[in-house]
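None of the values given here were measured: they were computed from a predicted structure. As a basis for the values below, the full set of heavy atoms in this structure was taken, side chains included, without hydrogen atoms, waters or symmetry mates. Ligands are counted one by one from 1 in listed order, and the atoms in each one are counted from 1 as well.
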Amino acid sequence: MKYISTRGHAERQSFCDILLGGLAPDGGLYLPESYPQVAGQLEEWRGLSYAELAFRILSLFITDIPAADLKAICDKTYTAQTYRWCRPGRQAADIVPLTSLEPDFHLLELSNGPTLAFKDMAMQLLGNLFEYVLDQRGETINILGATSGDTGSAAEYAMRGKHNVRVFMLSPEGRMSAFQRAQMYSLQDANIFNIAVRGMFDDAQDIVKAVSNDAEFKAKYKIGAVNSINWARVAAQIVYYFKGYFEATRSNAEKVAFSVPSGNFGNICAGHIARMMGLPIARLVLATNENDVLDEFFRNGVYRPRTTAETHITSSPSMDISKASNFERFVFDLVGRDAAMVRQLWREVDAGGSFSLAGGPFAARVADYGFVSGCSSHADRLATIRDVWERYGLMIDTHTADGVKVAREHRLAGEAMVVLETAQPVKFAETIREALGRDPVRPAELDGLENLPQRVELVDAKVDQIKGIIIREC
Ligand SMILES: *Cc1c(COP(=O)(O)O)cnc(C)c1O
């Protein structure tokens, strides 16, 4: 399998070559040059364990790691031990247990990994792939990132203790929930560096950009990233659409819809690819919060990224995006893989503008790809958390609530709907208390997490300070 850029750069790459990098040289995103067709394999795959299924699917995309090694990486990644933080009564060995709220209305629990958010599903694999490829090549990497919550902690828990990898993760001082801070800052691993920056998330993000744009520093200190455009993360996420489909159906003649709480379009992009591979997905329901850039696109064909000032700070903060960094992958398919067209559209976007695909074949194309959308507000979120708690005795987090709210608007009789549960409620305790008047449930093993000693360095939002820390530790 070779990979191509959405903007047409000529060189075809193999998986391991794009694993450690970010964007393609022309600024595009990597995609497989064709989608493997697997409709004929569904029967055989239905009964497989999660790790085995991951191996079968990833083998189609990763053809430059020997099969036995890839199998070992999958077996090591998807274990009941790693995904043990599930609700009482669920089987950790399922990795992504399915809970039925009603006949044909299900939650697929993707947040049972170490940081209690779905990002672990892909990031844990990435950690093992990085370690494998760096070992093979005798290289090291220093991952530099900025986080406002879920991504940074998922990256740290995936990379902790791995050889040849260090993580320097910037977070805005005092902006994350106490639980999120404790999750990250309590890590004592020698290769994990938590850096709290006096400022906002954007200040931290700007520092990461400045360091990455310093080509000399970047090369000398082998600076890398694990952001959401990384193809391996998307690839890993394809697997749970298959697993969720098998759990929600009895035969491969049935179709299901998936509802996906969306921000950067990474999660639902994996659903789109699963559908392109022949998984019988009737529809993909895209749910946004108040930051409705993507809902706007699927309603009227206009993609208008927001400015930072226009971006709402919401109670589903992991979906607070101004532009959707993976969206270019979908648009590439939507315009018939016309790289020149994508280049032209993103010339507008990269210059701070917008584009419209309204009119022409747009509506029909979107329908062909199975996409529908909706958005959810803080009031919707509270009402949905309350309703799900009262009706089914189940506590859901704020992002999952957005998914449930929009899923309900798009349910069709006789079609199973699977809502992806993207985080556990304990990560967003304040909103849970507002909705339910009680503290969120949390896995017993995490009692007292906030009281553990924390390891974090507080610095001013200055590029040289961050560079200084990297120089000191390398
Ligand atoms: C990252 C995240 C999302 C959004 O996923 P995208 O891949 O960015 O669309 C939704 N919910 C939670 C809890 C997240 O951490």
Exercise. Please determine if Asp203 and Arg175 form a salt bridge, counting it only when a charged side-chain N lies under 4.0 Å from a carboxylate O.
Key: no
Quiz item: Between Asp439 and Arg433, does at least one N-O distance fall below 4.0 Å, as a salt bridge requires?
Solution: yes
Quiz item: Does a salt bridge link Asp350 with Arg7, judged by any charged N lying under 4.0 Å from a carboxylate O?
Solution: yes
Enumerate the pairs of nitrogen or oxygen atoms, one from ligand 1 and one from the protein, separated by less than 3.5 angstrom; state names and distance to 0.1 Å.
residue: ligand 1; atom: 7 (O); partner: Gly266; partner atom: N; Å: 3.2
residue: ligand 1; atom: 7 (O); partner: Asn267; partner atom: N; Å: 2.9
residue: ligand 1; atom: 8 (O); partner: Asn264; partner atom: N; Å: 2.7
residue: ligand 1; atom: 9 (O); partner: Gly263; partner atom: N; Å: 2.8
residue: ligand 1; atom: 9 (O); partner: Asn264; partner atom: N; Å: 3.3
residue: ligand 1; atom: 9 (O); partner: Phe265; partner atom: N; Å: 3.1
residue: ligand 1; atom: 11 (N); partner: Thr422; partner atom: OG1; Å: 3.0
residue: ligand 1; atom: 15 (O); partner: Lys119; partner atom: NZ; Å: 2.5
residue: ligand 1; atom: 15 (O); partner: Asp150; partner atom: OD2; Å: 2.5

Quiz item: Does Lys162 NZ have over 12 foreign heavy atoms under 6.0 Å away?
Solution: yes
Exercise. Give me the ring orientation class for Phe265 and Phe371: parallel if the planes are under 30° apart, tilted from 30 to 60°, perpendicular past 60°.
Key: parallel
Self-check item: Test side chain to side chain donor-acceptor pair (under 3.5 Å) applied to Glu290 - qualifying residues, sequence neighbours left out
Solution: Arg381
